[in-house]
Amino acid sequence: MKETSKSPPDLKPSDELSAMRRALLAWYDDGGRTLPWRVRPEDRAKGITPDPYAVWLSEIMLQQTTVPHATPYWRKFLARFPTVTDLAQADRDEVLAMWAGLGYYARARNLHKCAGVVADDHDGVFPLTETALLKLPGIGAYTAATIAAICHDEATTIVDGNVERVISRIFMVQTPLPKGKSDLRALAAALSDPTLDGFERPGDYGQAVMDLGATVCTPRSPTCGLCPWSGDCAAKAAGVQTDYPKKTPKKKLPVRHGAAFVLRSGDAVLLHRRPDTGLLGGMMGFPGTEWGPKPKDDVIRAAEPTPRNWEQSAVEVRHVFTHFELRLSVFHSEIAAELRGEATGDVAIWAPLDRIKDYALPTVMTKVLKAAH
DNA sequence: CAGCCGTGGAT
DNA sequence: TATCCAAGGCT
């Protein structure tokens with residue numbers, strides 16, 4: 001025993017950790033979920049390995065996003081871009097348009113950038129080591145560890161929200177998130193320690209822990225009766241499962257106000273391209289005011305794309321972002337085709353309504369369009 | 001390193 | 001209606 005080791009409190013003995021791993025893999029082999037990007041254990045045993053490009057695509061889409069929401073996007077992307085080279089050669093605008101509705105649009109910008117790096121610097125072949133993956137844009141600690149484990153069974157330590165919840169309950173970690181992340185990582189690493197005892201399936205193990213968190217060890221009402229680690233869980237023993245993970249309380253969202261202008265001409269509407277960085281970066285939107293703490297009529301008038309008689313929609317658009325709630329007044333007007341002016345430049349675009357899906361309209365702007373009805 | 005960055009579903 | 005939060009990354 002190394003007394004100099006700074007291992008977290010209450011780490012279990014190594015033979016119990018090994019037993020837990022075997023129990024989890026048995027549970028996974030028995031009832032593992034079928035996901036379209038996943039190679040099932042029995043196929044894995046035959047030597048079938050997943051397409052790293054398809055796995056990468058799924059992992060980027062699944063960041064802070066539910067499986068049901070991401071899955072149709074994953075199918076659509078894989079059909080349109082069968083290889084990473086196909087994705088790299090696409091226009092970024094098309095990628096952003098296909099991503100519209102998924103949120104966290106920096107992911108889409110980095111996705112396209114990453115495809116370019118893989119195509120240019122790696123001959124279109126995805127790197128497979130955790131270290132190499134970590135250098136790519138949009139790939140952080142979680143995604144690098146997961147792709148490396150799933151695609152070639154590198155014995156990485158995977159820590160996502162599911163793992164944090166499961167581990168925090170097993171060991172009753174007291175330090176609230178996000179500060180407690182380092183403790184949780186250390187405990188997760190101990191459980192997936194490759195030097196311990198026959199850890200030959202890191203990919204299946206990682207997917208199994210995440211499945212456990214997603215389907216059994218859920219945030220609100222965990223079904224501990226189905227859990228292979230039920231007997232190893234300190235929180236279960238104490239009957240305090242849902243008290244974990246401890247988290248620091250969140251602040252209430254501030255409200256911001258603004259106005260948007262929907263200018264229609266025949267079958268087209270006027271769109272503006274948003275700046276490349278920041279909120280909804282690179283996406284399209286309707287011209288309008290800045291979004292500030294208070295609604296101001298003079299600011300609204302100054303933001304009109306062209307002086308007209310604007311009709312105000314009866315209902316304002318309400319939309320919740322990650323760090324504020326937005327309330328948008330919507331104004332709309334119709335203009336003759338001759339008066340459209342120069343609006344086919346890089347920033348302003350007349351978009352035909354019957355092809356609006358080809359434009360990178362985020363959900364909030366889709367709500368604005370509907371409100372202008 | 002704490003704040004920024006979307007959306008939709010469940011409770 | 002209010003709250004949480006989902007296979008996080010970047011700055």
Side-chain angles (χ1 to χ4, degrees), chain A residues 32-33 35-38 50 55-74 96 99-111 113-114 133-150 156-166 176-179 181-182 184-185 188 203 205-215 217-221 242 245 247-256 274-283 285 291 317-326 360-367:
Chain A
R33 290 195 295 176
L35 297 174
W37 45 85
R38 175 178 291 181
V55 171
W56 163 73
L57 196 55
S58 75
E59 291 300 339
I60 300 299
M61 288 181 171
L62 287 168
Q63 290 168 4
Q64 301 290 274
T65 306
T66 59
V67 168
H69 194 191
T71 298
Y73 286 82
W74 182 84
L96 291 180
W99 196 276
L102 250 193
Y104 285 132
Y105 297 100
R107 292 186 295 172
R109 302 194 297 272
N110 283 330
L111 186 85
K113 190 184 303 178
C114 181
L133 287 161
L134 207 43
K135 300 182 194 298
L136 296 172
I139 297 184
Y142 160 76
T143 306
T146 302
I147 296 176
I150 291 178
T156 60
T157 298
I158 297 173
V159 181
D160 72 332
N162 289 307
V163 176
E164 287 178 348
R165 183 170 55 257
V166 171
L177 289 171
K179 181 171 291 186
K181 187 140 187 166
S182 57
L184 291 169
R185 166 167 289 280
Y205 171 82
Q207 293 178 93
V209 192
M210 293 190 282
D211 274 9
L212 188 66
T215 65
C217 194
T218 55
R220 314 266 191 168
S221 49
T242 53
K247 292 193 175 183
T248 57
K250 299 174 182 177
K251 299 173 183 175
K252 261 186 59 182
L253 296 185
V255 179
R256 293 186 195 173
R274 300 177 59 85
D276 204 45
T277 57
L279 187 67
L280 309 177
M283 303 293 285
W291 301 341
V317 167
R318 298 180 68 157
H319 190 78
V320 179
F321 290 100
T322 309
H323 55 294
F324 67 93
E325 175 187 334
L326 178 64
L361 270 192
T363 298
V364 61
M365 292 301 165
T366 302
K367 289 184 182 177

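Keep in mind it's a predicted model, so treat the numbers as computed, not measured. So that the names make sense, note that chain A is the first sequence line, chain B the second, and so on, each numbered from 1.
Along DNA chain C, the nucleotide closest to A:N110 and the one closest to A:L35 are compared, and the more 5′ of them pairs with A:L35. Of the two residues near DNA chain B, A:G281 and A:P178, the one whose nearest nucleotide lies more 5' is A:P178. Across the interface with DNA chain B, nearest-nucleotide mapping of A:K367 and A:F324 shows A:F324 to be the residue nearer the 5′ end.
Picking from C:dA7, B:dG6, B:dA10 the nucleotide with the shortest atom distance to the side chain of A:R220 gives B:dA10. Closest contact between the side chain of A:K251 and the listed nucleotides B:dG8, C:dA7, B:dG3 involves B:dG3. You'll find that the side chain of A:H323 is closest to B:dC4, out of B:dT7, B:dG6, B:dC4.
Straight-line distance from the CD atom of A:Q64 to the P atom of B:dG3: 17 Å, rounded to whole Å. Atom CZ in A:R185 sits about 13 Å away from atom P in C:dG8, given to the nearest Å. Nucleotide C:dC4 holds its P atom 12 Å from the NZ atom of A:K252, rounded to whole Å. Going from atom CG of A:L111 over to atom C1' of C:dG9 covers 13 Å, rounded to whole Å. If you measure from atom CD of A:E59 to atom C1' of C:dG9, you get 14 Å, rounded to the nearest angstrom. Across the protein-nucleic acid pair, A:I60 atom CD1 and C:dG8 atom P stand 11 Å apart, rounded to whole Å. The nearest whole Å value for the distance from the CG atom in A:N162 to the P atom in C:dA7 is 3 Å.
At least one side-chain nitrogen or oxygen of A:H319 sits closer than 4.0 Å to the OP1 or OP2 atom of B:dT7. Phosphate proximity of C:dC10 to A:Y104: absent, as no side-chain N or O sits under 4.0 Å from OP1 or OP2. The side chain of A:T363 contributes an N or O atom lying less than 4.0 Å from OP1 or OP2 of B:dT7. Distances shorter than 4.0 Å separate none of the side-chain N or O atoms of A:Q63 from OP1 or OP2 on C:dG8.
Cation-pi contact between A:R274 and A:W291: present, with separation from the ring centre below 6.0 Å and deviation from the ring axis of at most 45°.
Contact annotation: side chain of A:T143 to base of C:dG8, donor-acceptor pair absent below 3.5 Å. Taking 3.5 Å as the limit, the base of B:dG6 and the side chain of A:T65 contain a donor-acceptor pair of atoms between them. Contact of A:R165 with C:dA7 (side chain to base): no donor-acceptor pair of N or O atoms is detected under 3.5 Å.
Rounded to whole Å, the separation between the P atoms of B:dC5 and C:dA7 comes to 23 Å. Rounded to whole Å, the C1' atom of B:dG6 lies 15 Å from the corresponding atom of C:dC4.
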Inset, instruction - Starting from the C-alpha separation in whole Å, work towards a yes-or-no answer on side chain to side chain donor-acceptor pair (under 3.5 Å) for A:Q207 and A:R38. - result: CA-CA 9 Å; A:Q207 293 178 93; A:R38 175 178 291 181; 3.0 Å; yes
Inset, instruction - Please step through side chain to side chain donor-acceptor pair (under 3.5 Å) for the pair A:R107 and A:T65, ending with a clear verdict. - result: CA-CA 11 Å; A:R107 292 186 295 172; A:T65 306; 3.1 Å; yes
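Looking only at distances, a side-chain donor or acceptor of A:H69 sits under 3.5 Å from a matching main-chain atom of A:G101.
In this structure, the side chains of A:N162 and A:L212 stay at 4.5 Å or more apart for every pair of heavy atoms.
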